[in-house]
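These notes concern the structure reproduced below.
We use all heavy atoms of the structure for the numbers below, so side chains are in, but hydrogens, waters and symmetry mates are not. Below, chains carry the letters A, B, ... as their sequence lines are ordered, and counting in each starts from 1.
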There are 2 protein chains.
Amino acid sequence: MRKANSTNSINETRLHLLCGMSHALSVIGGRWKASILFSLTDGRKRYSELRKDIPGVSERMLVAQLRELEADGLVERTVFPEVPPRVEYALTDFGRSTQPMLREISAWGAKHRKG
Amino acid sequence: MRKANSTNSINETRLHLLCGMSHALSVIGGRWKASILFSLTDGRKRYSELRKDIPGVSERMLVAQLRELEADGLVERTVFPEVPPRVEYALTDFGRSTQPMLREISAWGAKHRKG
DNA sequence: TCAAGTACTAACAATAAAGTAAGTATGCGC
DNA sequence: GCGCATACTTACTTTATTGTTAGTACTTGA
């Protein structure tokens, strides 16, 4: 019989926590990703709207971060075959599932600044 | 009279969220910070114990991240005037307040990997 | 023919974060 | 005096992330 929290099980749990943590941060931790995710909670937006909505992003970074969010399944991209081109971005269900987490992180961060 | 959620107030709210967010990530987002914070939930530890407990950290990084956590008030450092030197690190109350957030981030990240 | 509008893409520069390897300080016991 | 143990420093290299600037593709309307 083995103690419920032996060193091994502590380490396994911690490893698991750390693994999830580092993955989550790699998904939402980019310089502009929170901005994008917050912006898209208003609803779907086209590329140019996002650019206006997020002051300071360069086109390169906006595209790069959108592609990563898309690859990770948080955002879906829809291309309309028109000229001039129209591309819309929207949160997926999974993208929306970040909201509670993002809000908790924000709340904690805001608390610290005052403290 | 001004609509309750005019563009301005949306932006103010979003700015506030983003500000807290980026601050929080700068505090907990370092490569080894989560490892340190999780390790110290077991209780206070001395430097050499942390090093053993966190496989892969270099001394430079361990010290650097500990100093940042200390500067941000998450960790307290106690030096015992002995030879050879003994230095212990422990979570502050504020450091402990990160736990729910860290766990939520981990849980979200773990969910995604399977998804 | 040519500018306009939209959504990019590419090449390169700068900055930030992390890693590597070796060295330092201190006093105790031999 | 000399090595040992602990907790760091320092200097330097590598890698990752972000920024800057300029250019591309496509079709419509003047």
Tell me: [atom1] of [X] to [atom2] of [N], nearest whole Å?
X: B/Leu62; N: C/dA21; atom1: CG; atom2: P; answer: 18 Å
X: B/Glu82; N: D/dA7; atom1: CD; atom2: P; answer: 10 Å
X: B/Leu66; N: D/dT9; atom1: CG; atom2: P; answer: 11 Å
X: B/Arg86; N: C/dC28; atom1: CZ; atom2: P; answer: 16 Å
X: A/Ile54; N: D/dT18; atom1: CD1; atom2: P; answer: 14 Å
X: A/Glu70; N: C/dC8; atom1: CD; atom2: P; answer: 9 Å
X: B/Phe80; N: D/dC8; atom1: CZ; atom2: P; answer: 12 Å
X: A/Leu50; N: C/dT6; atom1: CG; atom2: C1'; answer: 14 Å

Considering just the side-chain nitrogens and oxygens of [X], establish if one lies under 4.0 Å of OP1 or OP2 belonging to [N].
X: B/Arg77; N: D/dC8; result: yes
X: A/Arg67; N: C/dC8; result: yes
X: B/Tyr89; N: D/dC8; result: yes

Stepwise salt bridge (charged side-chain N to carboxylate O under 4.0 Å, His left out) test for B/Glu49 and B/Arg51
CA-CA 5 Å; B/Glu49 293 177 298; B/Arg51 215 181 34 194; over 6 Å; no
Euclidean distance, [Y] [atom2] relative to [X] [atom1], rounded to 0.5 Å:
X: B/Lys33; Y: B/Leu25; atom1: NZ; atom2: CG; answer: 10.5 Å
X: A/Arg67; Y: A/Glu70; atom1: CZ; atom2: CD; answer: 6.5 Å
X: B/Ser22; Y: B/Leu17; atom1: OG; atom2: CG; answer: 11.5 Å
X: A/Arg77; Y: A/Leu69; atom1: CZ; atom2: CG; answer: 13.0 Å
X: A/Met21; Y: B/Leu37; atom1: CE; atom2: CG; answer: 8.0 Å

Same cluster or not: B/Phe80 versus B/Leu66, using hydrophobic residues (I, L, V, M, F, W, Y) connected whenever any side-chain heavy atoms lie under 4.5 Å apart?
no
Indicate whether the side chain of A/Tyr47 and that of A/Glu59 have a donor and an acceptor atom separated by less than 3.5 Å.
yes
Does the side chain of A/Thr98 pick up a donor-acceptor pair with the side chain of B/Trp108 at under 3.5 Å?
no
Scan nucleotides 24-30 of chain D against the protein and return all N/O pairs shorter than 3.5 Å with their distances rounded to 0.1 Å.
none

Using a 4.0 Å heavy-atom cut-off, write out nucleotides 12-20 of chain C from 5' to 3' as B (base contacted by protein), S (sugar-phosphate only) or - (no contact).
------BBB
Of the options C/dA7, C/dC8, D/dA7, whose atoms approach the side-chain atoms of A/Ser48 most closely?
C/dA7
